[in-house]
Student: 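Pasting a structure below so you can have a look.
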Amino acid sequence: MDTSLIPKGQPQPSLDEATRPLRLSVVVPVYNEVESLPRLVEAIATAVQPTDFDYEIICVDDGSRDGTTALLRELALSRSDLRGVLLRRNYGQTAAMAAGFNHARGDVIVTLDGDLQNDPSDIPMLVEKLEEGYDLVSGWRKNRQDAALTRLLPSKLANGLIGWVTGVKLHDYGCSLKAYRSELVMDMNLYGELHRFLPALAFIEGARITEVPVKHHARQFGQSKYGLGRTFRVLMDLFTIAFMKKFLTRPMHVFGGFGLASLALGILLGSYLTFLKLVLGQSIGDRPLLILAVVLFLTGVQLFSLGLLAEVAMRTYHESQGRPIYRVREVVEQDR
Ligand code: UDP
Ligand code: MG
């Protein structure tokens, strides 16, 4: 095959593309999971080895302080299917996942938690589902083993809200057990605690998404790294996502719209008051309407300028990273 037309940096198709085993990267962020880690690595290997996937396990140590780091180093040196990525300090689960993504070499990436709450035996099933023609398969902890009041209830509310805002209806956004096509992951940039919004971000990137029920176990070792404060952070992130989904490439449409409406109303009220003052000779200095007119006018100007600034920021965002404003699924043409 003549590959000279394929731009540099794009994957070069190899002759045995169809027969080559699927390459799978299993990405696991771990933070203070010293007891779970060896069991987890073993369980993943046991789950994946019977398949004919060519696999690697990538454990990202997120600045642990309980000996996880040393253990991971030792394990990674002793087995060929494990790579340890050791972060300098604790950056949080989202960053740890992003580090894992950046080190993954597979065509398919599966993520799961390092605390054995997700069951590695579900991995082959997720990948098979993905192979049916999806870009992202999300796990759904149908029978979730966490505290009802502090975990399940907030999570149920959050899932409903996220589904409503983003338009991607999944039962369980918080489930870490997910499978992705790797090129999808490479298109997404993660910030804050956005990992739970990966399906929403993927949807923005035009991905085909589905979910499948997966097993879930109670935490055996160590403890959860999160408390109720997470609910608030998730809510804040949701605003970001909602904005990105609708207006990322055209912020002026939202700011400009509100700004213009506010400005118009302010000018209208102002004209009315000017008419009263100049034509009818009434005093308007003590009228609340005057304050309203001024506030509306100034708000309008502010929103309008904010929209323009956002337009500039958005262009910088896309152009500085070479991010196109569209995503091509495939190009279809006759073999030349
Ligand atoms: N984790 C991490 N960095 C952090 C917090 C958590 O890498 O700062 C990892 C943690 O080791 C686990 C996963 O993220 O593998 C999920 O954390 P956890 O089990 O505490 O969350 P929960 O299941 O309680 O929602
Ligand atoms: Mg957990």
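Both ligands and their constituent atoms are indexed starting at 1 by order of listing.
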Student: With nothing but distance in play, are any N or O atoms of Asp62 less than 3.5 Å from an N or O of ligand 1?
Tutor: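 It does: an N or O of Asp62 is found under 3.5 Å from an N or O of ligand 1.
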Student: For atom 9 (C) of ligand 1, state which one of Gly114, Pro29, Ser224 supplies the nearest heavy atom.
Tutor: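 Going through Gly114, Pro29, Ser224 one by one, Pro29 has the nearest heavy atom to atom 9 (C) of ligand 1.
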Student: Please check if atom CZ in Phe297 has more than 12 non-hydrogen atoms from other residues, nucleotides or ligands closer than 6.0 Å.
Tutor: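 No, not enclosed.
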Student: Who's the nearest protein heavy-atom neighbour of atom 18 (P) of ligand 1, and how far?
Tutor: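 Heavy-atom neighbour on the protein nearest atom 18 (P) of ligand 1: Arg219 NH2, 3.6 Å.
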Student: Looking at atom 10 (C) of ligand 1, what's its closest protein heavy atom, distance included?
Tutor: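 That would be Glu33 OE2, 3.3 Å.
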Student: So that I can tick it off, tell me whether Glu211 and Lys169 are bridged by a salt bridge, with the cut-off set at under 4.0 angstrom between side-chain N and carboxylate O.
Tutor: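 Salt bridge flag = no for Glu211 with Lys169.
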Student: Need the ligand 1 atom indices (1-based, order shown) with element for anything under 4.0 Å from a heavy-atom of Arg230.
Tutor: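 Numbered from 1, ligand 1 contributes 25 (O).
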Student: If you take the nearest heavy atom of each of Arg151, Met97, Lys225, which one is closest to atom 25 (O) of ligand 1?
Tutor: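 Ranked by closest heavy atom to atom 25 (O) of ligand 1, first place is Arg151.
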Student: Quick one: look at Val28 and ligand 1, take heavy-atom pairs under 4.0 Å, and tell me if it's side chain, backbone, both or neither.
Tutor: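 Within the 4.0 Å criterion, Val28 makes no contact with ligand 1.
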Student: Is any NZ, NE, NH1 or NH2 atom of the basic residue among Glu132 and Lys129 found under 4.0 Å from an Asp or Glu carboxylate oxygen of the other?
Tutor: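 The answer is yes: the pair qualifies as a salt bridge.
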Student: Under 4.0 Å, heavy atoms only, figure out whether ligand 1 is touched by the backbone of Gln93, its side chain, both or neither.
Tutor: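 Answer for Gln93: both.
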Student: Which bit of Arg141 is near ligand 1, meaning a heavy atom under 4.0 Å away: side chain, backbone, both or neither?
Tutor: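 Neither; nothing of Arg141 gets under 4.0 Å from ligand 1.
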Student: Can Asp146 and Gln117 be counted as having a side-chain donor-acceptor contact under 3.5 angstrom?
Tutor: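 Result is yes, a qualifying pair exists.
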Student: Go through the steps to decide whether Ser155 and Arg144 satisfy the test side chain to side chain donor-acceptor pair (under 3.5 Å), and finish with yes or no.
Tutor: CA-CA 11 Å; Ser155 145; Arg144 189 167 161 193; 3.0 Å; yes
Student: Consider only side-chain N and O atoms of Arg65 and Tyr31, and report whether a donor and an acceptor are under 3.5 Å apart.
Tutor: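 Judged by distance alone, the side chains do pair up.
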Student: To which protein heavy atom is atom 1 (N) of ligand 1 closest, and what is the distance rounded to 0.1 Å?
Tutor: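 Protein heavy atom with the smallest distance to atom 1 (N) of ligand 1: Tyr31 CB, 3.7 Å.
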Student: From the options Thr69, Val60, Asp62, Thr68, select the one residue that forms a side-chain contact (heavy atoms from CB on, under 4.5 Å) with Leu86.
Tutor: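 Passing option: Thr69.
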Student: Are Phe255 and Phe247 an aromatic pair by the rule of ring centers under 6.0 Å?
Tutor: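 Between Phe247 and Phe255, which both carry aromatic rings, the centre distance is not below 6.0 Å.
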Student: I'd like to check which ligand 1 atoms, numbered from 1 as shown, lie under 4.0 Å from a non-hydrogen atom of Val30.
Tutor: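 Going through ligand 1 atom by atom, the ones under 4.0 Å from Val30 are 7 (O), 11 (O).
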Student: Tell me the protein heavy atom at minimum distance from atom 19 (O) of ligand 1, and give that distance in Å.
Tutor: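 Protein heavy atom at minimum distance: Asp115 OD2, 2.6 Å.
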Student: Looking at Asn90, which atoms of ligand 1 are within less than 4.0 Å of one of its heavy atoms?
Tutor: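 With Asn90 as reference, the close atoms of ligand 1 come out as 3 (N), 4 (C), 8 (O).
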Student: Distance only, no hydrogens: is a donor on one side chain within 3.5 Å (strictly under) of an acceptor on the other, for Asp61 and Ser64?
Tutor: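 Yes, Ser64 and Asp61 have a side-chain donor paired with an acceptor closer than 3.5 Å.
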Student: Taking the Mg ion (ligand 2) as the vertex, measure the angle between atom OD2 in Asp115 and atom OE1 in Gln117; round to 10°.
Tutor: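 Answer comes to 90°, rounded to 10°.
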Student: Which residue supplies the protein heavy atom nearest to atom 13 (C) of ligand 1, what is that atom called, and how far is it?
Tutor: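 Of the protein heavy atoms, Asp113 OD1, 3.3 Å lies nearest.
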Student: Does an N or O anywhere in Tyr226 fall below 3.5 Å from an N or O of ligand 1?
Tutor: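 No; the residue has no nitrogen or oxygen that sits under 3.5 Å from a nitrogen or oxygen of the ligand.
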Student: Applying the side-chain hydrogen bond (donor to acceptor under 3.5 Å, both in side chains) test to Lys215, which of Asn143, Asp122, Asn118 qualifies?
Tutor: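 Checked Asn143, Asp122, Asn118 against Lys215; only one passes side-chain hydrogen bond (donor to acceptor under 3.5 Å, both in side chains): Asp122.
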Student: Which of the atoms in ligand 1, numbered in the order shown and given with their element, are less than 4.0 Å from a heavy-atom of Gln117?
Tutor: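 Here the atoms of ligand 1 in question are 19 (O), 23 (O).
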Student: May I ask you to decide if the ring planes of His171 and Trp140 are parallel, tilted or perpendicular, using 30° and 60° as cut-offs?
Tutor: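 Taking Trp140 first and then His171, their aromatic rings lie parallel (interplane angle under 30°).
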